[in-house]
Amino acid sequence: MTERIQNRDIRLIALDMDGTLLNSKEEISEENKRVIARAKENGIHIVLSTGRNFATVHEFAEDLELNSFLVTVNGGEIWDSSGNLLERNLLQVEQIKMMWDLKNLHNTKFWAITVDKVYRDEFPDENTFADYEWLKFGFDVEDDNARKIIMEELEKNKLQVTNSSPTNLEVNPYGISKAKALEKVCERIGITMENVMAMGDSMNDIAMIKSAGIGIAMGNAQAIVKEAADWITDTNDNDGVAKAIQRWVL
């Protein structure tokens with residue numbers, strides 16, 4: 001498979017964060033910082049492409065001194081280098097109500113992201129759901145059977161379902177993905193997805209890994225992600241991002 005990706009003209013590197021750019025301590029290693037800085041010096045766009053919301057991403061972007069776009073909430077939002085919102089895709093209030101009922105029916109852990117806040121334990125009153133703008137809903141389900149049932153119900157309701165860990169389900173509006181958002185970023189820059197190297201570890205990274213010129217799975221990635229990738233790098237605790245950039249870009 002490595003023959004297919006030799007000599008690609010990589011102009012943009014799309015990086016998932018949790019389990020990819022960030023190590024187990026949720027830090028960016030010094031080696032990852034050093035190699036990303038070298039890629040930037042060579043004119044490569046570094047785009048964080050994550051399930052996180054803007055508030056929990058921009059400090060890492062600042063730490064890396066990034067000057068390109070940000071893809072947040074699994075592609076639900078696109079931001080420019082100045083922190084201006086370019087696009088936002090919201091869930092419908094009825095969909096939030098349906099997922100809240102599903103969460104209660106199966107007694108699962110959950111989280112949700114509005115444009116203003118990440119909710120985990122506390123949650124707005126059901127009667128006020130319409131007062132918020134909802135970007136994403138997540139379930140954390142230890143029971144495999146319950147997770148399968150919930151996933152089928154979500155897909156039946158025309159929602160985009162991925163995960164960022166083996167036990168969770170992340171829900172966005174149908175058709176929203178990191179890959180779709182990156183395609184729009186590429187259009188703005190004047191390149192194509194063939195000029196992208198995308199790196200990740202979970203199901204919410206598969207679409208961008210498959211559609212990129214070079215798709216990289218982390219050494220700690222879920223098996224299904226490794227199957228989708230062109231190449232597998234080291235783990236997030238062993239500078240896997242830096243090693244992939246060194247191997248394929250620098």
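Atoms considered below: every heavy atom in the structure, side chains included; atoms not considered: hydrogens, waters and symmetry mates. For this chain, numbers begin at 1 and follow the sequence in order. The shown structure was predicted, so the numbers you read here are calculated from the model rather than taken from an experiment.
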Quiz prompt | Test applied, side chain to side chain contact (heavy atoms under 4.5 Å, CB included); reference residue, Met151; option that passes from Asn163, Val141, Val161, Leu159 | solution = Val161
Quiz item: When you check the side-chain N and O atoms of Glu133 and Thr114, is any donor under 3.5 Å from an acceptor?
Solution: no
Quiz item: Would you say the side chains of Ser202 and Asp205 form a donor-acceptor pair under 3.5 Å?
Solution: no
Quiz item: Once the angle between the rings of Trp231 and Trp248 is folded into 0 to 90°, is it parallel (under 30°), tilted (30 to 60°) or perpendicular (over 60°)?
Solution: perpendicular
Self-check item: Pair Asn168-Asp140, side-chain donor/acceptor within less than 3.5 Å
Solution: no
Exercise. Step by step, work out the side-chain hydrogen bond (donor to acceptor under 3.5 Å, both in side chains) result for Asp125 and Asn127.
Key: CA-CA 5 Å; Asp125 182 272; Asn127 299 317; 3.1 Å; yes
Self-check item: Thr167 and Glu142: side chain donor to acceptor below 3.5 Å
Solution: no
Quiz item: How far apart are the C-alpha atoms of Ile189 and His45, what are their side-chain angles, what is the distance that settles it, and do they pass the side-chain contact (heavy atoms from CB on, under 4.5 Å) test?
Solution: CA-CA 9 Å; Ile189 294 171; His45 289 265; 3.6 Å; yes
Quiz prompt | Verdict with supporting geometry, Asp201 and Val225, side-chain contact (heavy atoms from CB on, under 4.5 Å) | solution = CA-CA 6 Å; Asp201 71 306; Val225 182; 5.8 Å; no
Practice problem: Kindly say whether the aromatic ring centers of Phe54 and Trp79 come within a distance under 6.0 Å. | Solution: yes
Quiz item: Quick one: does Thr233's side chain get under 4.5 Å of Met218's, heavy atoms only?
Solution: yes
Exercise. Name all residues meeting the side chain to side chain contact (heavy atoms under 4.5 Å, CB included) criterion together with Asn67; count only those two or more places apart in sequence or in a different chain, and write none if there are none.
Key: Lys40
Self-check item: Donor-acceptor side-chain pairing of Ser24 and Asp237 below 3.5 angstrom
Solution: yes
Quiz prompt | Side-chain heavy atoms of Lys103 within contact of Phe139, under 4.5 Å | solution = yes
Self-check item: side-chain hydrogen bond (donor to acceptor under 3.5 Å, both in side chains) partner of Asn238, the single match among Thr235, Asp234, Asn236
Solution: Asp234
Self-check item: Donor + acceptor pair across side chains of Glu87, Asn89 (<3.5 Å)
Solution: yes
Quiz item: For the rings on Trp100 and Phe110, is their centre-to-centre separation under 6.0 Å?
Solution: yes
Quiz prompt | From CA spacing to verdict: side-chain hydrogen bond (donor to acceptor under 3.5 Å, both in side chains), Thr72, Glu77 | solution = CA-CA 5 Å; Thr72 59; Glu77 292 179 332; 3.1 Å; yes
Practice problem: Would you please classify the geometry between the Phe123 ring and the Trp134 ring as parallel, tilted or perpendicular, with 30° and 60° separating the classes? | Solution: tilted
